[in-house]
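Comments concern the structure below.
By convention here, the first residue in the shown sequence is residue 1.
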Amino acid sequence: MENPVIKQPFITSGHQVFSWLWFLFSPKGRISSFDYWFIYFMPLIALCIVFISVYIHIGTYIPGILKDLFLGIFALGTLIPSILIHVKRWHDRDKSGWWTLIIFVPIIGAFWVFIECSFLSGTAGPNRFGPSRFPEEQNINEVFE
């Protein structure tokens, strides 16, 4: 007999099935600020802390060129998923993914991205980038009538 717990899909905010492939490598759709914080940002901080400790540790055993190659591979491996996750977060705010480029504006751009993507809530209900990840937001106006 099969274990039904193993077959249950991983569900994040809302009731949609979560896919790591979609989350990390697709620019389509929307993610909530909850998904942004707890599935992307906090694990990324932990990964960076682990990477820095490994980088410092291996730096005493291998030459600088290999250590820098290790750093480059890590940076490239996190850059593309980070861009695509930010695009989905901008989509949740009902803005184009091109807003991700505002990060290149010195000082102000980084603060803007941090505030918009981290703390401001997304559009309630569907927007031009797809349905909300929270099904209960689909008919939010009915609650107040």
Side-chain angles (χ1 to χ4, degrees), residues 1-59 61-62 64-141 143:
M1 182 170 194
E2 295 180 34
N3 187 349
V5 176
I6 294 174
K7 288 195 165 198
Q8 288 182 339
F10 177 56
I11 298 175
T12 60
S13 63
H15 301 288
Q16 293 180 351
V17 176
F18 183 83
S19 163
W20 281 106
L21 206 59
W22 166 79
F23 188 75
L24 295 174
F25 300 110
S26 173
K28 297 182 191 287
R30 300 164 56 178
I31 61 170
S32 67
S33 58
F34 177 86
D35 296 337
Y36 180 78
W37 273 103
F38 292 104
I39 300 176
Y40 165 69
F41 201 71
M42 293 179 107
L44 181 66
I45 297 293
L47 184 65
C48 286
I49 290 169
V50 168
F51 175 79
I52 289 169
S53 64
V54 169
Y55 184 77
I56 290 170
H57 182 70
I58 67 168
Y61 299 108
I62 63 173
I65 190 79
L66 290 176
K67 188 170 76 166
D68 293 340
L69 180 64
F70 183 59
L71 176 65
I73 291 170
F74 176 78
L76 195 59
T78 57
L79 177 68
I80 294 168
S82 292
I83 291 170
L84 296 173
I85 289 167
H86 278 95
V87 165
K88 285 190 283 281
R89 187 66 193 118
W90 285 107
H91 286 176
D92 192 47
R93 301 270 309 128
D94 202 17
K95 295 183 179 185
S96 170
W98 289 104
W99 275 93
T100 304
L101 296 177
I102 200 166
I103 194 86
F104 294 113
V105 175
I107 301 168
I108 296 169
F111 283 119
W112 189 307
V113 169
F114 184 68
I115 298 297
E116 284 258 359
C117 290
S118 299
F119 299 111
L120 300 180
S121 62
T123 307
N127 66 18
R128 61 188 168 141
F129 298 105
S132 173
R133 293 201 22 94
F134 293 103
E136 61 271 8
E137 288 183 355
Q138 300 301 327
N139 296 319
I140 196 160
N141 291 331
V143 174

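Residues Ile83 and His86 form no side-chain contact, since every pair of their non-hydrogen atoms from C-beta on lies 4.5 Å or further apart. Between Val87 and Thr100, some side-chain heavy-atom pair lies under the 4.5 Å cut-off. Side-chain contact between Ser82 and Tyr40 is present, with heavy atoms from C-beta onward closer than 4.5 Å. Counting only heavy atoms from C-beta outward, the side chains of Val105 and Trp112 never approach each other to under 4.5 Å. At a threshold of 4.5 Å between non-hydrogen side-chain atoms, the residues Thr123 and Arg30 count as touching. At a threshold of 4.5 Å between non-hydrogen side-chain atoms, the residues Leu84 and Leu24 do not count as touching.
Open room surrounds CD1 on Ile108; 12 or fewer heavy atoms of other groups in view lie less than 6.0 Å from it. For Trp37, the CH2 atom counts as densely surrounded, since its 6.0 Å shell holds more than 12 non-hydrogen atoms of other residues, nucleotides or ligands. Within 6.0 Å of the CD1 atom in Ile115, the count of heavy atoms belonging to other residues, nucleotides or ligands exceeds 12. Within 6.0 Å of atom CZ in Phe119, more than 12 heavy atoms from other residues, nucleotides or ligands are found, so the atom counts as buried in its surroundings.
Of the possible donor and acceptor atoms, none in the side chain of Asn127 sits under 3.5 Å from a partner among the backbone N and O of Arg93. Remark: the backbone N or O of Lys28 is paired with a side-chain donor or acceptor of Trp22 at under 3.5 angstrom.
Expressed to the nearest 0.5 Å, how far CD1 of Ile85 lies from CD1 of Ile80 amounts to 12.0 Å. Trp90 CH2 to Cys117 SG: the interatomic distance, rounded to the nearest 0.5 Å, is 5.0 Å. From Leu44, atom CG reaches atom CD1 of Ile49 across 10.0 Å, with rounding to the nearest 0.5 Å. Atom CG in Leu120 sits 9.0 Å away from atom OG in Ser33 (nearest 0.5 Å). For the atom pair CD1 (Ile102) and CZ (Phe111), the distance works out to 13.5 Å, reported to the nearest 0.5 Å. The OG atom of Ser96 sits 9.0 Å away from the CG atom of Leu101 when rounded to the nearest 0.5 Å.
When every heavy atom of Glu116 is checked against every heavy atom of Arg89, the shortest pair comes out as O-NH2, 4.1 Å. For the residue pair Pro81 and Gly77, the shortest heavy atom distance occurs at CD-O, 3.4 Å.
Taking the six-membered ring where the residue is Trp, Phe41 and Tyr36 present parallel rings, their angle staying beneath 30° rather than reaching 60°. Aromatic ring orientation, Phe74 versus Phe51: parallel (interplanar angle below 30°, classes split at 30° and 60°).
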